[in-house]
Q: 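First the structure, then my questions, so here it is.
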Amino acid sequence: KSVLKTRWLAHQLVHLESVDSTNIWAKKHQHELRHGAMVLAEEQTGGRGRLGRSWESSKGEGIWMTLVLEPGLPMHDAGKMTQLAAAAMHQAVVEVTGLPVKIKWPNDLLVDNQKICGILTEVSGELTRIERLLVGIGVNVNQQVFSGEIAEVATSLRIMMEQPVSRVALLTLFLKIFEKCYDDYVLHQSYGAVLRVIREHSMLLNQPIDVIRGDQRVAARAVNIHEDGRLEVVYEDGRSELLAGGEVSVRRK
Ligand code: ATP
Ligand code: BTN
């Protein structure tokens with residue numbers, strides 16, 4: 001606890017040796033977890049990505065964590081918290097490694113087109129108000145090699161830096177930045193700094209993309225990331241649409 005540089009975030013810290021998924025664990029133990037709690041695991045045996053996909057989480061080599069948050073916000077602001085986490089992790093990774101990190105809307109960080117970080121935000125609450133957010137974050141820090149299917153899409157900070165990277169340094173810096181962004185937004189309604197980071201480092205903005213819904217794939221161009229976290233796209237027939245992270249996948253052409 002003493003290495004933490006936060007005022008309130010992660011002061012309740014659950015550190016697990018091995019777990020199926022920190023998000024699932026946080027759901028099962030929701031009554032023991034307070035606002036600001038962090039569930040951190042050395043290894044996940046059933047780590048999950050978006051849309052039920054799996055997330056490889058090898059022992060001791062990554063940051064596999066879930067933050068428990070009760071921001072008391074309207075439901076339609078949930079997407080902003082994923083963007084806030086992505087912006088905070090972007091800043092932390094850049095500060096620790098100096099790598100050229102890109103943000104792939106809505107939930108991934110990439111270096112050289114390969115994924116180093118994924119974010120899975122799960123919301124509970126009634127229709128209009130967020131009761132609780134589970135922000136699950138996975139960072140590939142010290143893997144030396146990936147095998148199988150994900151070898152093509154994944155990389156780690158160690159692979160890119162050609163040397164090990166301190167998980168503690170990255171995590172403590174991330175928590176400090178995340179807490180600042182969170183307080184700015186939730187307490188002071190100030191979200192501009194997050195938006196600037198997201199827009200400046202987006203790998204999709206002003207690019208031709210494919211919008212994928214189920215088995216449908218439609219060509220478009222990404223033109224803006226809105227204040228509420230949605231991606232504005234323009235289709236080839238001139239129609240435009242605001243996409244929320246939960247409903248679509250986007251691929252760069
Ligand atoms: P989308 O654009 O819809 O988010 P995605 O390919 O980024 O698509 P996600 O659900 O965000 O998919 O992430 C899960 C995918 O990430 C898995 O299907 C797998 O290909 C890949 N993956 C799994 N584990 C890791 C990891 N540790 N690091 C990087 N990528 C991983
Ligand atoms: C994605 O890119 O689809 C999101 C991946 C999210 C992975 C993290 S690791 C910690 C937390 N627990 C999980 O099972 N998933 C998230």
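Note that ligands are numbered from 1 as they come in the structure, with each ligand's atoms numbered from 1 the same way.
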Q: Using a heavy-atom cut-off of under 4.0 Å, does the side chain or the backbone of I116 touch ligand 1, or both, or neither?
A: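 Near ligand 1, I116 shows nothing, with every heavy atom at 4.0 Å or more.
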Q: Hey, does S54 sit under 4.0 Å from ligand 1 if you only count heavy atoms?
A: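 A heavy atom of S54 does come that close to ligand 1.
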Q: When you look for heavy atoms under 4.0 Å from ligand 2, do you find them on the side chain of D108, its backbone, both, or neither?
A: side chain
Q: Quick one: which ligand 2 atoms are inside 4.0 Å of a heavy atom on S21?
A: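 Heavy-atom distances to S21 below 4.0 Å select 12 (N), 13 (C), 14 (O).
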Q: Would you mind checking which non-hydrogen protein atom is closest to atom 1 (C) of ligand 2, with the distance to 0.1 Å?
A: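 In this structure, atom 1 (C) of ligand 2 has N107 ND2, 3.5 Å as its nearest protein heavy atom.
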Q: Taking all non-hydrogen atoms of both residues, which atom of P106 and which atom of G245 are closest, and how far apart?
A: CG-CA, 3.8 Å
Q: Flag W64 as yes when one of its N or O atoms lies below 3.5 Å from any N or O atom of ligand 1, and as no otherwise.
A: no
Q: Between E122, Q44, R48, which is the residue that forms a side-chain hydrogen bond (donor to acceptor under 3.5 Å, both in side chains) with N23?
A: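 Per the side-chain hydrogen bond (donor to acceptor under 3.5 Å, both in side chains) rule, the option paired with N23 is E122, out of E122, Q44, R48.
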Q: Is ligand 2 less than 4.0 angstrom away from at least one heavy atom of S57?
A: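 No.
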Q: Would you tabulate the side-chain donor-acceptor contacts of residues 209-223 under 3.5 Å, counting partners in other chains and residues two or more places apart, or write 'none'?
A:
{"unit_1": "D210", "atom_1": "OD2", "unit_2": "R217", "atom_2": "NE", "d": "3.0"}
{"unit_1": "R213", "atom_1": "NH2", "unit_2": "E241", "atom_2": "OE1", "d": "3.3"}
{"unit_1": "R213", "atom_1": "NH2", "unit_2": "E241", "atom_2": "OE2", "d": "2.9"}
{"unit_1": "R221", "atom_1": "NH2", "unit_2": "N206", "atom_2": "O", "d": "2.8"}

Q: If you round to the nearest 0.5 Å, how far is CG of N107 from CG of L109?
A: 9.0 Å
Q: Which word best sums up how the rings of H29 and W25 line up, parallel for under 30°, tilted for 30 to 60°, or perpendicular for over 60°?
A: parallel
Q: I need the nearest protein heavy-atom contact for atom 3 (O) of ligand 1: residue, atom name and distance, please.
A: S249 OG, 2.4 Å
Q: Just distances here: any N/O of Q143 and N/O of ligand 1 closer than 3.5 Å?
A: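 No; the residue has no nitrogen or oxygen that sits under 3.5 Å from a nitrogen or oxygen of the ligand.
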Q: When you check the gap from the basic side-chain N to the acidic O, do K102 and D112 get nearer than 4.0 Å?
A: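 So K102 does not pair with D112 through a salt bridge.
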Q: Quick one: look at I212 and ligand 1, take heavy-atom pairs under 4.0 Å, and tell me if it's side chain, backbone, both or neither.
A: neither
Q: Is it true that K28 and D20 have a side-chain N and a carboxylate O under 4.0 angstrom from each other?
A: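 So K28 pairs with D20 through a salt bridge.
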Q: Using a strict cut-off of 4.0 Å, indicate which atoms of ligand 2 neighbour a heavy atom of M65.
A: 10 (C), 11 (C)
Q: So if I count the atoms of ligand 2 from 1 in the order they appear, which ones are less than 4.0 Å from some heavy atom of T22?
A: 10 (C), 11 (C), 12 (N)
Q: Output the list of atoms in ligand 2 that are nearer than 4.0 Å to some heavy atom of W55, sorted by atom number.
A: 2 (O), 5 (C), 7 (C), 9 (S)
Q: Out of Q44, K115, R53, R252, indicate the one that has the non-hydrogen atom closest to atom 18 (O) of ligand 1.
A: R53
Q: Only distances under 3.5 Å count here; give the side-chain donor-acceptor pairs of residues 146-156 to other protein atoms, sequence neighbours excluded, each with its distance to 0.1 Å.
A:
{"unit_1": "S156", "atom_1": "OG", "unit_2": "Q143", "atom_2": "O", "d": "2.7"}
{"unit_1": "S156", "atom_1": "OG", "unit_2": "R158", "atom_2": "N", "d": "3.4"}
{"unit_1": "S156", "atom_1": "OG", "unit_2": "I159", "atom_2": "N", "d": "3.0"}

Q: Can you tell which part of R251 has a heavy atom less than 4.0 Å from ligand 1: side chain, backbone, both or neither?
A: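 For R251, the contact with ligand 1 is made by the side chain alone.
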Q: Which of the atoms of ligand 2 are close to I119, meaning less than 4.0 Å from one of its heavy atoms?
A: 4 (C)
Q: In terms of residue, atom name and distance, what is the protein heavy atom nearest to atom 28 (N) of ligand 1?
A: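 Checking every protein heavy atom, the shortest distance to atom 28 (N) of ligand 1 gives N140 ND2, 2.8 Å.
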Q: Can you find a side-chain donor-acceptor pair between E43 and S18 that sits under 3.5 Å?
A: yes
Q: Can you list the atoms of ligand 2 that are under 4.0 Å from a heavy atom of G47?
A: 14 (O)
Q: Please state whether K104 comes within less than 4.0 angstrom of ligand 1, counting heavy atoms only.
A: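 True for this residue.
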Q: Just checking K176: does its NZ atom have more than 12 heavy atoms from other residues, nucleotides or ligands closer to it than 6.0 angstrom?
A: no
Q: For atom 31 (C) of ligand 1, grab the closest protein heavy atom and report residue, atom and distance to one decimal in Å.
A: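 Scanning the protein heavy atoms, the shortest distance from atom 31 (C) of ligand 1 goes to W55 CZ3, 3.4 Å.
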Q: Is there a heavy atom of R53 sitting under 4.0 angstrom from any atom of ligand 2?
A: no
Q: Which residue holds the protein heavy atom closest to atom 24 (N) of ligand 1, what is that atom called, and what is the gap in Å?
A: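 Protein heavy atom with the smallest distance to atom 24 (N) of ligand 1: E56 N, 2.9 Å.
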Q: For atom 29 (C) of ligand 1, find the nearest protein heavy atom and state the residue, atom name and distance (0.1 Å precision).
A: A154 CB, 3.3 Å
Q: To check your reading of the model: name the closest protein heavy atom to atom 19 (C) of ligand 1, its residue, and the distance in Å.
A: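 Nearest neighbour among protein heavy atoms for atom 19 (C) of ligand 1, to 0.1 Å: I150 CG2, 3.9 Å.
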Q: Give the residue, atom name and distance (to 0.1 Å) of the protein heavy atom nearest atom 20 (O) of ligand 1.
A: V153 CG2, 3.8 Å
Q: Please determine whether a side-chain nitrogen of the Lys or Arg among E70 and R132 lies less than 4.0 Å from a carboxylate oxygen of the Asp or Glu.
A: yes
Q: State whether E61 and R167 are salt-bridged, where the test is any N-O pair (Lys NZ or Arg NE/NH1/NH2 against Asp/Glu carboxylate O) under 4.0 Å.
A: no
Q: Is the W8 ring parallel, tilted or perpendicular to the H35 ring (thresholds 30°, 60°)?
A: parallel
Q: Count the heavy atoms belonging to other residues, nucleotides or ligands that lie under 6.0 Å from CZ of R34, then report whether that count exceeds 12.
A: no
